[in-house]
Amino acid sequence: MLTSRPRGTNDIIPGEVEKWQYIEQIIRDVCCRYGYREIRTPIFEHTELFKRGVGETTDIVEKEMYTFTDRGERNITLRPEGTAAVVRAYLENKLYAGPQPVKLYYIGPMFRYDRPQAGRYRQFHQFGVEVLGAHSPGIDAEVMAMAMEVYTRLGLKGLELHINSLGCPECRPKLRESLQEFMGPKLQDYCPTCQDRFERNPLRILDCKNEKCSQLSAGAPTILDCLCDECAVFFHDVKTHLKELGIDYVVDETLVRGLDYYTHTAFEIMAEGIGAQSSVGGGGRYNGLVGQIGEKDIPGIGYALGLERILLTMEQQNVEFPPSWQPDIFIVTASPEAELTVLKLLAKLRGMGYKADKDYNGRSLKAQMKYAGKLNARYAAIIGENELENGTVMIKDMTTGEQKEVADNKVTEVLGGK
RNA sequence: GUGGGUAUAGCUCAGCAGGUUAGAGCGCCAGAUUGUGGCUCUGGAGGCCGUGGGUUCGAGUCCCAUUAUCCACCCCA
């Protein structure tokens, strides 16, 4: 127990962590160029925030939250997603008082008490963006464009952007009604899950993978059929923007996002290669959410991707990662008397910005060379009796195997500038 | 929450119809005549065979439970 991590969690150890850093670096760069600023919110919040924000009837709130009471009897929950907290922070810090829209991004761990499986963990990591205070369809397109750019920059292939409109509080009830009208008569023929969905969320029935259900649902009224004029125009404009940006998409009328707060645009990015969890990111517009958490009626749109899934997909697609840490030079102590000289050279090189290291296990010369090779050092510098006497350092190029003796103040010349 | 598979050295896996000191490859450490890595060779360390019960003269090997892990459903990132 003492040496095993809790279920559904992961250690990210050296060798792995460099991949994470690489992904994060690209994400931050893209955000920066699109004008999104980072926001860091607490990892836990008042439980109420998620209940209100994510929706009481969602799976997340009903059965997946890490909730506990703290020593002050407060009801606390580890965040299961990012949007609610960002909206809370936007309101609490009165960011609405500044220039609008406010474009934010976050990156960090989220917690959901789910059963782990490929690409699904109890502590996982999300990168997400939220735009508060912008209502035009152009910003929807920007968020999607930005998401796609992240994937592209990471080197992912075979991605599909699925988009749909979920309508607004005006037209959604209409859809619900006509769906129930359509399905009601043959409800008994649907699978038990769908029968259950009938009252709670008939939209989901369209999404059922059960073959019989999808047959029964053929010809059912779709969301797009029921869109009010305003929503239809909005959706049309979003698509126009995407086309102008040269971004391919497929309209997927079965795309229904599970979280309660979505309105209008919903989208999801699918990738192949990680089993059943083919969705590597998704988002949408949530014009009602801010009003639900605070008083303000402020439109919002957001998007999130799962870092674990991105990583799995990249590995599956054999994407190349930049090489992990490797020393510029490894200094070999070839005689006990050289110890202090080695130490000083090491400090000097590090001070100049080189990645430099030495042995600390009292290894033989040969073993030190071997060790330097394992560390993948670019150069090895050897200092022993001869070098001490001559005031020199023997430098060996570990790739070519060539070596030469240089004056100890000329080492950096061999290494190349820094 | 539901269903199924797996659990033997750091890693990937062997292990017979249940029978004495549990193996290999890789990795790790150390050597292969006196100051040099990557190839090769030699040696060494390292395993309550996930955990707890049970069946048996005897269990890594069979049964049950438990935990972890993997896969799928649900849902989601």
Side-chain angles (χ1 to χ4, degrees), chain A residues 1 3-10 13 15 54 57-64 79-83 107-128 147 191-194 196-197 201 204 207-210 255-259 268-271 274-283 302-313 330-338 359 361-388 394-403 405:
Chain A
M1 265 314 199
T3 54
S4 69
R5 53 185 199 271
R7 176 158 210 205
T9 63
N10 284 101
I13 58 180
V54 179
T57 62
T58 57
D59 275 18
I60 292 183
V61 171
E62 276 185 349
K63 48 182 206 190
E64 293 173 5
R79 62 183 187 193
E81 57 97 57
T83 305
I107 185 163
M110 304 292 166
F111 305 83
R112 295 209 311 223
Y113 191 91
D114 237 4
R115 216 144 128 179
Q117 116 190 31
R120 201 219 323 259
Y121 309 96
R122 290 186 171 177
Q123 173 173 343
F124 61 103
H125 297 77
Q126 279 190 333
F127 151 67
C191 71
T193 330
C194 282
D196 196 49
R197 285 166 173 154
N201 195 347
R204 283 228 158 272
D207 201 20
C208 187
K209 279 140 201 138
N210 187 316
L255 173 57
V256 184
R257 307 236 80 220
L259 281 45
E268 196 162 324
I269 292 94
M270 324 291 266
I274 45 175
Q277 261 62 43
S278 59
S279 163
V280 289
Y303 157 79
L305 68 75
L307 295 185
E308 280 84 356
R309 289 189 187 176
I310 292 293
L311 192 58
L312 284 171
T313 310
F330 186 91
I331 310 174
V332 173
T333 315
S335 112
E337 292 77 50
D359 168 67
N361 282 13
R363 279 183 247 249
S364 68
L365 169 71
K366 192 177 187 138
Q368 289 184 61
M369 288 304 293
K370 211 178 221 179
Y371 181 50
K374 295 246 175 63
L375 292 182
N376 204 13
R378 181 74 186 76
Y379 291 95
I382 302 165
I383 303 179
E385 285 177 36
N386 298 340
E387 289 75 15
L388 283 181
M394 185 69 80
I395 303 236
K396 178 167 189 173
D397 184 321
M398 296 295 274
T399 345
T400 64
E402 289 165 15
Q403 64 177 33
E405 196 170 347

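In what follows, every chain begins at residue 1, and chains take the letters A, B, ... in the order their sequences are listed.
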Taking atom [atom1] in both [N] and [M], compute the distance separating them and give it to the nearest angstrom.
{"N": "B:rG58", "M": "B:rU20", "atom1": "P", "answer": "15 Å"}
{"N": "B:rU55", "M": "B:rC63", "atom1": "C1'", "answer": "7 Å"}
{"N": "B:rU6", "M": "B:rA77", "atom1": "P", "answer": "33 Å"}
{"N": "B:rG38", "M": "B:rA30", "atom1": "P", "answer": "13 Å"}
{"N": "B:rG37", "M": "B:rG31", "atom1": "C1'", "answer": "15 Å"}
{"N": "B:rG52", "M": "B:rG46", "atom1": "C1'", "answer": "26 Å"}
{"N": "B:rC57", "M": "B:rA7", "atom1": "C1'", "answer": "29 Å"}
{"N": "B:rU34", "M": "B:rG25", "atom1": "P", "answer": "28 Å"}

*A:Glu268-A:Ser279 side chain donor-acceptor pair, cut-off 3.5 Å*: yes

*Check whether the side chains of A:Thr9 and A:Arg122 place a donor and an acceptor atom closer than 3.5 Å, and report yes or no.*
no

Under 4.0 Å, counting only non-hydrogen atoms across every strand here, what does [X] touch: a base, just sugar-phosphate, or nothing?
{"X": "A:Glu387", "result": "base"}
{"X": "A:Gly128", "result": "nothing"}
{"X": "A:Thr399", "result": "base"}
{"X": "A:Tyr121", "result": "base"}
{"X": "A:Gly82", "result": "nothing"}
{"X": "A:Gln368", "result": "nothing"}

May I ask you to verify whether the side chain of [X] and the base of [N] hold a donor-acceptor pair under 3.5 Å?
{"X": "A:Lys396", "N": "B:rG37", "result": "yes"}
{"X": "A:Arg112", "N": "B:rC76", "result": "no"}
{"X": "A:Arg115", "N": "B:rC75", "result": "no"}

_Shortest non-hydrogen contact from A:Glu387 toward A:Ile382_ = CG-O, 3.5 Å

*Which sits closer to the 5' end of RNA chain B, A:Asn361 or A:Ile269, going by the nucleotide each is nearest to?*
A:Asn361

_Residue closer to the 5' end of RNA chain B, A:Pro116 versus A:Tyr113 (nearest nucleotide)_ = A:Tyr113

Tell me whether the OP1 or OP2 atom of [N] has a side-chain N or O from [X] closer than 4.0 Å.
{"X": "A:Arg363", "N": "B:rC29", "answer": "yes"}
{"X": "A:Gln117", "N": "B:rC70", "answer": "no"}
{"X": "A:Lys370", "N": "B:rC29", "answer": "no"}
{"X": "A:Lys366", "N": "B:rU34", "answer": "no"}

Are any of the side-chain heavy atoms of [X] and [Y] separated by less than 4.5 Å?
{"X": "A:Asp359", "Y": "A:Phe330", "value": "yes"}
{"X": "A:Met369", "Y": "A:Lys396", "value": "yes"}
{"X": "A:Leu305", "Y": "A:Ile269", "value": "no"}

*Distance-only, no hydrogens or angles: does the A:Gln123 side chain make a donor-acceptor pair with backbone N or O of A:Pro109 under 3.5 Å?*
no

Considering only [options], which nucleotide approaches the side chain of [X] most closely?
{"X": "A:Leu365", "options": "B:rU36, B:rC29, B:rC75", "answer": "B:rU36"}
{"X": "A:Asp59", "options": "B:rC74, B:rA30, B:rC70", "answer": "B:rC74"}
{"X": "A:Ala334", "options": "B:rU69, B:rG35, B:rC74", "answer": "B:rG35"}
{"X": "A:Arg7", "options": "B:rC75, B:rG37, B:rA68", "answer": "B:rA68"}
{"X": "A:Arg120", "options": "B:rC73, B:rG31, B:rC29", "answer": "B:rC73"}

*Could you check how far CG of A:Leu375 sits from C1' of B:rC28, rounded to whole Å?*
14 Å

*Is there a stack between A:Tyr371 and B:rG37, judged by ring centres under 5.5 Å and planes under 30°?*
no

